[in-house]
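Some notes on the structure that comes next.
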Amino acid sequence: MKLRVLGGLSAQQFLRRYWQKRPLLVRGALPGFRGAATRAQLAALAARPDVESRLVRRRGGRWNVVQGPLACTRLQRNSTLLVSGVNLHLAAADRLLRGFGFLPQARLDDVMVSWAAPGGGVGPHFDSYDVFLLQGAGRRVWRLERPRAFRMVEGTPLKLIADFKPDEEVLAEPGDLLYLPPDWGHDGVALEECLTCSIGLRAPQGQELAAAFLDYLHERGLPRERYRDPDLGAARRGAEIPRRLAAHAAAVLGRIRWSRGDTEDFLGRYLSAPKPNVVFRHPRRALGRAAFARRLRRAAVVLDPRTQMLTLGTRCFINGETLAATPALRALADRRRALLPAALADFAYGWYLSGYLHLELA
Ligand code: SIN
Ligand code: CO
């Protein structure tokens with residue numbers, strides 16, 4: 001199927017020819033697109049403590065970054081307000097993210113929206129993940145350089161390339177899409193006041209996975225026995241760690257084992273866990289259990305935009321919890337909207353009370 005957002009390429013063609021290989025510019029990918037958020041909505045989000053935002057300003061060669069929450073209703077020249085996770089708060093940004101449903105949900109990170117004054121940008125840099133840059137209102141010039149070992153500027157609050165030598169320049173107008181593979185140098189400067197949406201991809205790094213997996217093992221339970229040495233002899237060199245203690249440590253650590261099932265359970269929980277600043281909203285006047293079960297017979301269940309629901313093999317994960325995948329849960333996870341059988345009413349009720357899902361009468 002040809003996708004307009006990919007310039008008439010099918011998802012397969014795009015993935016084969018461009019994905020993690022070369023940039024793609026699609027003129028008029030989303031005709032009439034203005035930016036998935038208004039300036040007023042961005043300003044309101046930036047003022048919230050549960051929303052990640054920053055204000056970046058360039059003065060000559062110096063960069064200034066202020067982290068949110070921010071009171072910012074007007075922008076000075078050469079400055080940009082960037083708001084992350086806009087898809088968690090605005091339905092239009094959530095729809096935009098879901099428009100990239102030809103990619104696995106576990107790989108989609110968030111929609112960041114930047115509102116830039118003329119001359120605004122975040123400087124030449126590279127990102128370690130793929131990004132789709134969708135131009136809303138206003139125009140922005142992108143300069144690009146293919147990946148290499150860039151020299152970075154030291155001592156600035158931003159990650160900036162010191163020796164940026166762009167080999168391509170692109171003028172993005174409203175509705176245009178620029179796809180950039182990881183590690184491409186890029187610098188986007190607003191020609192006039194503009195809005196740009198970045199659909200960022202999630203690509204966990206080994207270290208990040210390993211650290212989280214060690215936490216998972218810890219929570220699951222690690223060997224508990226304490227070292228004992230009833231036949232301890234008098235110490236001759238007091239600083240020397242006893243050999244027996246070293247052998248005990250090696251034996252205890254060597255007993256920590258995990259299976260493929262454990263790594264899969266960990267991965268699903270990890271990838272579906274909400275980011276630390278995510279707050280779910282409980283229903284204002286919640287239905288009782290019986291009324292919910294009755295309504296479930298006629299109403300579709302719709303996942304809240306903050307909910308991440310994934311499946312892997314026989315497991316289903318929702319916001320960091322795990323349970324056995326059933327066909328109905330798989331359908332809900334894939335489509336984010338489904339009719340659920342009565343057998344799942346108890347699970348669904350708990351998720352409804354937690355704000356993970358809502359009921360929508362057909
Ligand atoms: C921006 O929208 O100003 C920056 C987006 C990016 O370079 O990744
Ligand atoms: Co970037």
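One-based numbering, in listed order, for ligands and for the atoms of each.
Cation-pi check for R202 over Y270 is met; the charged atom lies under 6.0 angstrom from the ring centroid and within 45 degrees of its normal.
Considering just the N/O/S atoms of D127, the one nearest the Co ion (ligand 2) carries the name OD2.
For a threshold of 3.5 Å applied to N or O pairs, the pair formed by H186 and ligand 1 contains at least one separation below that value. Taking distance alone, with nitrogen or oxygen atoms compared against 3.5 Å, H125 approaches ligand 1 more closely than that limit.
Contacts of R140 with ligand 1, taken as heavy-atom pairs under 4.0 Å, involve the side chain alone.
Here the heavy atom of the protein found nearest to atom 1 (C) of ligand 1 is S114 OG, 3.5 Å. In terms of protein heavy-atom proximity, atom 4 (C) of ligand 1 is closest to V122 CG2, 3.9 Å. If you check which protein heavy atom lies closest to atom 8 (O) of ligand 1, you get D127 OD2, 3.3 Å.
In the displayed structure, L253 atom CG is contacted under 6.0 Å by more than 12 heavy atoms of other residues, nucleotides or ligands.
Qualifying side-chain hydrogen bond (donor to acceptor under 3.5 Å, both in side chains) partners for R22, counting only residues two or more places apart in sequence or in other chains: none. Taking the side-chain contact (heavy atoms from CB on, under 4.5 Å) definition, one finds that D231 meets it with R244, sequence neighbours left out.
The closest donor-acceptor contact from the side chain of E192 to the backbone of R139 lies under 3.5 Å.
Looking at F132, Y179, F14 one by one, the single match for ring pair (Phe, Tyr, Trp, His ring centres under 6.0 Å) with F100 turns out to be F132.
Assignment of S198 to the shell around ligand 1 is supported, since a heavy atom sits closer than 4.0 Å.
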